[in-house]
2 protein chains.
Amino acid sequence: MGRSGEKSRQGIPYSTVLRLASYLRTLEWLSMLGVTTVSSEELARQVGVNSYLVRKDLSYFGEFGVRGFGYPVGDLIAVLREILDLNRDHYAVLVGVGNLGRALVRYYGFAREGFKLSAVFDSSPRKIGTRFNGHQVRPVGELVDYLRSADPPVELGIITVPAMAAQFVGDLMVVGGVKGILNFSPVRLQVPGHIHLLNVDLVSHLEVLSFYIARERPFSLPAGRSTAG
Amino acid sequence: MGRSGEKSRQGIPYSTVLRLASYLRTLEWLSMLGVTTVSSEELARQVGVNSYLVRKDLSYFGEFGVRGFGYPVGDLIAVLREILDLNRDHYAVLVGVGNLGRALVRYYGFAREGFKLSAVFDSSPRKIGTRFNGHQVRPVGELVDYLRSADPPVELGIITVPAMAAQFVGDLMVVGGVKGILNFSPVRLQVPGHIHLLNVDLVSHLEVLSFYIARERPFSLPAGRSTAG
DNA sequence: TAGATTGTTAATCGATTAACAATC
DNA sequence: TAGATTGTTAATCGATTAACAATC
């Protein structure tokens with residue numbers, strides 16, 4: 001599980017990385033249930049992919065299974081945590097303490113996986129100074145300075161501001177030196193190539209569901225394949 | 001995170017549907033800025049894909065552009081709203097009034113796009129009866145009955161309960177007759193094939209960022225792709 | 001061992017990219 | 001018209017699936 005035995009990481013598909021996180025989540029769940037061994041077949045079934053893919057995904061990083069037996073759950077969890085670099089804390093700032101922002105500040109899931117909030121910002125005088133979950137809201141004008149002098153350093157920025165302000169806040173984060181941005185605003189941010197950006201548009205998800213539901217009406221087609229897995 | 005069903009339906013790739021929502025978001029933004037015409041090149045640039053893909057995606061549904069000219073923004077918005085079936089209201093129930101659930105109940109973005117909350121449920125006696133954003137929290141025991149008799153009918157279920165309860169709640173929604181489920185719990189739900197399921201695992205997104213930051217390597221997919229996949 | 005299941009190479013499939021004819 | 005840009009067909013690329021040898 002150390003880096004020594006790993007194969008080349010060139011060209012690891014984004015979809016593979018996303019599935020690694022899925023595998024990890026499922027394995028943690030199995031581990032909680034007391035399961036100590038799992039086959040690629042069973043893990044695949046639970047995640048909703050096929051077993052070829054599980055083995056292929058893992059093979060990018062090494063050999064972690066036992067032939068004829070399966071994968072030791074605990075070991076595989078450790079391996080995936082290592083691969084995803086989850087064996088250390090990651091610090092984030094969050095900007096925008098609206099409904100969604102407040103929810104994320106209070107969300108346990110992040111901290112549980114080692115993602116810790118370093119500080120929280122907003123532009124509204126009404127919100128600056130108030131406290132959420134132990135974090136006193138700071139003025140967004142202090143964001144760059146904060147990021148530059150933060151110790152431990154802040155790697156991640158979480159954007160939960162309205163569309164109008166998203167690009168501005170993103171720019172500040174980049175100037176401040178974050179390495180990755182999780183953007184919950186519906187705006188497509190423009191960021192330099194070295195910044196890792198993920199857009200999470202909650203409304204889009206509902207729209208996708210809407211599309212598939214609309215196409216399922218009685219006359220549309222012979223029963224096709226399901227979107228559910 | 002990501003969709004659970006990997007297959008397209010009626011020959012339209014899932015990734016295309018997701019991009020349609022992205023195009024719509026960008027077009028709405030352009031429209032707000034007063035832009036009335038946009039080329040596939042410009043729209044592609046803003047969304048972070050290439051123009052071939054924009055034209056290809058739209059061509060699944062018809063011809064909406066003017067050669068030598070581009071696309072009329074207003075018309076294309078109307079077309080996309082029609083395709084995604086957004087020209088009517090969609091009703092949803094939300095189960096689980098924790099931090100994330102409360103945020104979604106209060107989130108304007110959903111309603112703005114025609115997704116309306118029909119009712120809100122929780123299992124905790126401490127929360128039942130309290131009000132959030134005008135919705136009085138109902139006991140989860142009433143969920144199935146509510147869904148069966150709701151008028152207007154409820155198509156969508158949003159799950160924001162802890163992992164432990166997610167499958168149970170999902171089962172109730174299915175029994176109640178929802179057509180699609182947006183699952184924010186980290187559990188991979190098992191649902192019948194006719195149910196459209198999208199999993200949104202917020203922690204996974206951070207883990208993906210962690211992976212790429214650890215490698216100082218850009219994504220291999222279109223930068224800043226929307227989630228769900 | 002024999003059966004089971006991995007790890008890996010090869011084949012397939014489908015999405016993306018490219019090219020270009022149509023046409024405003 | 002001439003230049004521009006769409007809509008669509010063909011080529012490419014890469015992820016997924018399949019097959020199977022390795023081996024516990």
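In what follows, chains are A, B, ... by sequence order, proteins preceding strands, each numbered from 1.
As rounded to whole Å, 16 Å separates atom C1' of C:dT16 from atom CG of B:Leu18. With rounding to whole Å, B:Asp57 atom CG is found 13 Å from D:dG7 atom C1'. Per the geometry, CG belonging to A:Asn50 stands 12 Å off C1' belonging to D:dA15, to the nearest Å. For the pair B:Leu53 CG and D:dC13 C1', the interatomic distance rounds to 14 Å; values are reported in whole Å. The nearest whole Å value for the distance from the CG atom in A:Asp75 to the C1' atom in D:dC24 is 15 Å. C:dG14 atom P lies 13 Å from atom NZ of B:Lys56, rounded to whole Å. When rounded to the nearest whole Å, the span between CG of B:Leu58 and P of D:dG7 equals 7 Å. Rounded to an integer number of Å, the gap from CD of B:Glu41 to P of C:dT17 is 12 Å.
Counting any heavy atom pair closer than 4.0 Å across all strands shown, B:Ser40 reaches sugar-phosphate atoms only and no base atom.
Each of D:dT6, C:dT6, C:dA15 was ranked by its minimum atom distance to the side chain of B:Arg55; first place goes to D:dT6. Here D:dA15 is the nucleotide among D:dT9, D:dT17, D:dA15 with the atom lying nearest to any side-chain atom of A:Ser15. Taking the side chain of B:Glu63 as heavy atoms from C-beta on, and the options D:dT8, D:dT16, D:dT6, the nearest nucleotide is D:dT8.
Side-chain contact between B:Val93 and B:Leu143: present, with at least one pair of heavy atoms (C-beta onward) separated by less than 4.5 Å. Looking at heavy atoms from C-beta onward, B:Arg88 lies in side-chain contact with B:His90 at the 4.5 angstrom threshold.
OP1 or OP2 of D:dG7 has at least one side-chain nitrogen or oxygen of B:Tyr71 nearer than 4.0 Å.
A:Arg67 contributes a side-chain N or O that forms a donor-acceptor pair with the base of C:dT6 under 3.5 Å.
Taking a pair to require two hydrogen-bonding distances under 3.5 Å in either a Watson-Crick or a G-U wobble arrangement, D:dT23 pairs with C:dA4. Within the shown strands, D:dT12 is the pairing partner of C:dA15 under the Watson-Crick or G-U definition, both distances less than 3.5 Å.
By the 6.0 Å contact criterion, CZ on B:Phe61 is enclosed, its count of non-hydrogen atoms from other residues, nucleotides or ligands being greater than 12. More than 12 heavy atoms of other residues, nucleotides or ligands lie within 6.0 Å of CD in A:Glu42, so this atom counts as buried by the packing criterion.
Residue A:Leu202 forms a side-chain contact (heavy atoms from CB on, under 4.5 Å) with just one option from B:Leu182, B:Ile158, B:Leu104, and that option is B:Leu104.
Across the interface with DNA chain D, nearest-nucleotide mapping of A:Val66 and B:Tyr52 shows B:Tyr52 to be the residue nearer the 5′ end.
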